[in-house]
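FYI, the numbering just counts along the sequence from 1. Counting convention: from 1, in listed order, for ligands and their atoms alike.
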Amino acid sequence: MKKALFYMLSCVLLIALTACGASESSSNSSNSGVTDTGIAPAAEIIIKATDYSFDQQEYRITKGVPVKIVFENEKGNHGVMIPGLNIQLSAKKSSTVITPDETGEYEIICSVFCGSGHGGMVSKLIVE
Ligand SMILES: [Cu+2]
């Protein structure tokens, strides 16, 4: 009897989880409060990567303003990953448009294992 109850409960839980996931993806936004809508950007930043750093320590963007984030590989083979905003850029997909709707600081790291200096490729994206 207890077993059956547990089974039922886990079923309900699973359904709840699935429903939650579905509604999240249908609203086309991540849980970070950022939307990638493909709308025209009002600002642009370029993040350039070399062996083994990004060209700036900090990149600043403005809350509520659609911004195009462009990644350029100047030397070596790198990528940009901003886990807090669900952003991943590489030579393949080198730009994206986001509209940040929360202020904050987000870590920018290299997404390609590029060599000895890989771990040190860290910059900051600041939403003001
Ligand atoms: Cu790297």
Side-chain angles (χ1 to χ4, degrees):
M1 188 58 207
K2 261 187 179 168
K3 244 183 185 172
L5 194 73
F6 177 75
Y7 179 70
M8 253 176 59
L9 269 175
S10 53
C11 269
V12 169
L13 218 111
L14 198 74
I15 289 162
L17 280 174
T18 315
C20 192
S23 71
E24 216 170 74
S25 61
S26 67
S27 68
N28 193 28
S29 68
S30 65
N31 56 9
S32 60
V34 171
T35 43
D36 189 350
T37 54
I39 54 171
E44 182 176 301
I45 60 165
I46 301 172
I47 301 173
K48 293 178 184 171
T50 58
D51 291 335
Y52 293 96
S53 65
F54 297 108
D55 67 325
Q56 288 181 46
Q57 291 272 306
E58 295 174 355
Y59 302 85
R60 288 172 186 270
I61 60 176
T62 310
K63 176 187 163 185
V65 177
V67 59
K68 186 178 185 184
I69 298 174
V70 182
F71 165 66
E72 280 179 18
N73 223 354
E74 288 221 305
K75 186 169 179 247
N77 182 29
H78 309 282
V80 158
M81 189 152 76
I82 311 175
L85 294 174
N86 241 332
I87 292 173
Q88 208 159 355
L89 300 173
S90 64
K92 236 182 181 177
K93 183 186 189 275
S94 63
S95 74
T96 187
V97 176
I98 63 156
T99 305
D101 44 26
E102 267 175 44
T103 57
E105 290 186 10
Y106 302 92
E107 196 168 57
I108 302 172
I109 55 175
C110 177
S111 62
V112 177
F113 186 74
C114 50
S116 57
H118 175 69
M121 293 187 66
V122 180
S123 285
K124 235 187 255 172
L125 181 70
I126 300 172
V127 181
E128 299 176 301

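Contact annotation: the side chain of I61 approaches that of P100 to within less than 4.5 Å [non-hydrogen atoms, C-beta and beyond].
The nearest N/O/S atom of H118 to the Cu ion (ligand 1) is ND1.
The two residues Y106 and V127 come nearest to each other via the heavy atoms CE1-CG2, 3.6 Å. Nearest approach of M121 to C114, heavy atoms of both residues: SD-SG, 3.7 Å.
One hydrophobic cluster, built from ILVMFWY side chains closer than 4.5 Å, holds both I45 and I87.
At least one N, O or S atom of C114 sits under 2.8 Å from the Cu ion (ligand 1). Taking 2.8 Å as the criterion, V112 counts as a coordinating residue of the Cu ion (ligand 1), since one of its N, O or S atoms falls below it.
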